[in-house]
Amino acid sequence: MAPSKINANIVLFLLVNLLIGSSSAQLSTNFYSKSCPKLYQTVKSTVQSAINKETRMGASLLRLFFHDCFVNGCDGSLLLDDTSSFTGEKRAAANVNSARGFEVIDNIKSAVEKVCPGVVSCADILAVSARDSVVILGGPNWNVKLGRRDARTASQGAANSSIPPPTSNLNRLISSFSAVGLSTKDMVALSGAHTIGQARCTSFRSRIYNETNNLDASFAKTRQNNCPRNSGSGDNNLAPLDLQTPTKFDNNYFKNLVNKKGLLHSDQQLFNGGSADSIVTSYSNNPSSFSSDFVTAMIKMGDNRPLTGSNGEIRKNCRRRN
């Protein structure tokens with residue numbers, strides 16, 4: 001082969017590997033098959049134990065994965081505690097007094113460290129525990145792509161700007177998800193995670209008292225019984241995001257939207273005469289279609305800007321840098 005062709009091939013090889021190194025291409029479903037063969041059973045037993053104690057924890061663990069991936073990629077940055085010289089993401093608007101389950105992640109990490117010390121990242125533990133939570137609560141299963149490494153930094157500012165608040169309209173939801181490489185269909189499917197879990201009064205107070213269009217009146221009255229109008233009173237009172245089966249992963253969330261019973265403003269925006277209506281209708285009628293698209297979107301979201309190779313680190317303690 002001519003030297004020029006060899007050089008061209010080398011350049012092409014280096015360029016391709018440079019691109020792969022900063023993408024999800026290094027993630028694989030069998031990443032820990034040799035280095036930590038007991039990973040899956042160790043994570044699942046700890047997640048199962050946590051959900052047995054409190055069913056809501058499954059939704060909380062799933063949410064941690066969302067809130068991690070939306071801020072500079074799926075890198076475990078959400079898990080870092082603040083220090084005297086470092087402000088993390090836990091006190092960002094979307095997370096403060098809201099994101100929960102950190103102690104469960106600590107327990108999973110401790111259990112994993114016992115079977116394979118220094119091998120599995122906190123970012124990957126978030127990904128596996130999110131999948132296990134969905135499965136345990138009756139949702140679909142999928143093979144999780146792994147190989148992420150943990151960030152050594154976090155950004156409260158990025159968390160504030162990247163995670164869409166419950167007051168978001170449809171356009172903001174579409175643009176927020178688009179910013180992390182997710183389509184409108186992905187966004188609607190992932191919003192279906194609200195088939196489990198609960199929300200605080202502060203998140204839906206404005207909707208149940210100030211919105212009349214696209215809100216079932218009897219549903220609003222029911223929610224008002226446990227969420228006083230005035231701010232500062234009952235702020236942390238909880239209501240299920242899916243009033244029918246709040247601890248079962250199914251498609252009732254979408255049926256509720258069709259019936260104008262979305263708890264959050266951002267929920268009901270998905271069925272409000274806009275471009276997402278047809279997707280919501282489809283999922284409300286076809287649970288298998290929702291499950292399939294949810295899995296696709298979860299894998300896609302998990303591919304968002306992971307740290308791989310020699311980037312980042314494998315944290316010993318998920319709450320702090322090594």
Side-chain angles (χ1 to χ4, degrees), residues 51 54-68 70 78 89-102 104 130 133-134 137 139 159-160 162-170 172-173 176-177 187-211 214-272 276 280 294:
I51 291 175
E54 182 196 12
T55 314
R56 182 189 175 203
M57 188 52 70
S60 299
L61 294 175
L62 176 58
R63 187 167 180 252
L64 287 182
F65 185 54
F66 279 94
H67 284 213
D68 182 46
F70 263 70
L78 171 63
E89 297 164 19
K90 289 183 177 177
R91 286 189 294 143
N95 296 325
V96 67
N97 299 321
S98 176
R100 60 196 297 276
F102 297 109
V104 176
S133 294
V134 170
L137 294 177
N160 282 328
S162 302
I163 302 170
T167 52
S168 300
N169 63 22
L170 182 60
R172 176 161 186 186
L173 290 170
S176 294
F177 279 72
M187 181 269 291
V188 177
L190 290 172
S191 297
H194 285 182
T195 182
I196 53 174
Q198 304 194 53
R200 295 182 304 144
C201 171
T202 50
S203 300
F204 59 86
R205 174 183 278 131
S206 179
R207 169 157 163 78
I208 62 173
Y209 285 104
N210 301 330
E211 295 181 26
N214 217 1
L215 176 63
D216 179 86
S218 63
F219 172 71
K221 190 153 186 60
T222 300
R223 292 282 72 95
Q224 288 170 5
N225 289 337
N226 195 41
C227 181
R229 181 187 292 271
N230 294 328
S231 181
S233 175
D235 285 0
N236 292 320
N237 291 355
L238 299 171
L241 287 157
D242 167 8
L243 79 162
Q244 291 168 278
T245 50
T247 60
K248 185 167 185 283
F249 198 98
D250 56 26
N251 71 327
N252 278 332
Y253 166 81
F254 298 104
K255 294 178 181 178
N256 294 333
L257 298 186
V258 172
N259 291 319
K260 303 182 181 182
K261 294 179 180 179
L263 182 64
L264 306 179
H265 176 80
S266 54
D267 287 329
Q268 197 59 57
Q269 282 289 297
L270 303 183
F271 192 81
N272 195 34
V280 170
F294 180 81

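- Taking K260 as the reference, nothing meets the side chain to side chain donor-acceptor pair (under 3.5 Å) condition, with sequence neighbours excluded.
- Applying the side chain to side chain contact (heavy atoms under 4.5 Å, CB included) criterion to S133, with sequence neighbours excluded, gives V47, I51, L61.
- In this structure, CG in L64 is found 5.5 Å from CG in L78, a value given to the nearest 0.5 Å.
- Under the salt bridge (charged side-chain N to carboxylate O under 4.0 Å, His left out) criterion, K255 pairs with no residue at all, not counting sequence neighbours.
- For the side chain to side chain contact (heavy atoms under 4.5 Å, CB included) test, residues two or more places apart in sequence or in another chain that qualify with V258 are F271, V280, S284.
- For the residue pair A220 and L215, the shortest heavy atom distance occurs at CB-CD2, 3.7 Å.
- Note that CG of L270 and CG of L257 are 6.0 Å apart. Values are rounded to the nearest 0.5 Å.
- With sequence neighbours left out, N95 forms a side chain to side chain donor-acceptor pair (under 3.5 Å) with H67.
- When every heavy atom of F254 is checked against every heavy atom of G192, the shortest pair comes out as CZ-CA, 3.6 Å.
- For D250, the side chain to side chain contact (heavy atoms under 4.5 Å, CB included) test picks out T195, D242, T245, K248, N252, with sequence neighbours left out.
- Summarising the geometry of N237 relative to P228, their closest heavy-atom pair is ND2-CD, 4.3 Å, with the distance given to 0.1 Å.
- When all heavy atoms of A130 and L62 are compared, the pair lying nearest together is CB-CD1, 3.9 Å.
- A distance of 13.0 Å separates CG of D68 from CZ of R63, quoted to the nearest 0.5 Å.
- Shown here for P164 and F177, the closest heavy-atom pair between the two residues is CG-CE1, 4.2 Å.
- The side chain to side chain donor-acceptor pair (under 3.5 Å) check on S60 picks up R100, with sequence neighbours excluded.
- Scanning for side chain to side chain donor-acceptor pair (under 3.5 Å) contacts around S168 gives an empty result, with sequence neighbours left out.
- At least one donor-acceptor pair under 3.5 Å links the side chain of N160 to the backbone N or O of A93.
- Across all their heavy atoms, L263 and A239 have their closest contact at CD2-O, 3.8 Å.
- Side-chain contact between T167 and S206 is absent, with no heavy atoms from C-beta onward closer than 4.5 Å.
- Side-chain contact, S266 with R172: no donor N or O sits under 3.5 Å from an acceptor N or O.
- The stretch residues 225-250 participates, sequence neighbours left out, in these ring-ring contact (aromatic ring centres under 6.0 Å, His included) pairs: F249-F290, F249-F294.
- Judged as a side chain to side chain contact (heavy atoms under 4.5 Å, CB included), and not counting sequence neighbours, the contacts of P246 are P240.
- Applying the salt bridge (charged side-chain N to carboxylate O under 4.0 Å, His left out) definition to pairs two or more places apart or across chains, those involving residues 191-209 are R205-D235, R207-E211.
- Within the model, atoms CG of N272 and CG of L170 stand 8.0 Å from one another, a figure rounded to the nearest 0.5 Å.
- The structure places NE2 of H265 at 8.5 Å from CG of L173, a figure rounded to the nearest 0.5 Å.
- For residues 217-229, every residue pair satisfying the side-chain hydrogen bond (donor to acceptor under 3.5 Å, both in side chains) rule, not counting sequence neighbours, is listed here: D216-S218.
- Distance check, rounded to the nearest 0.5 Å: CE of M57 to OG1 of T247 gives 14.5 Å.
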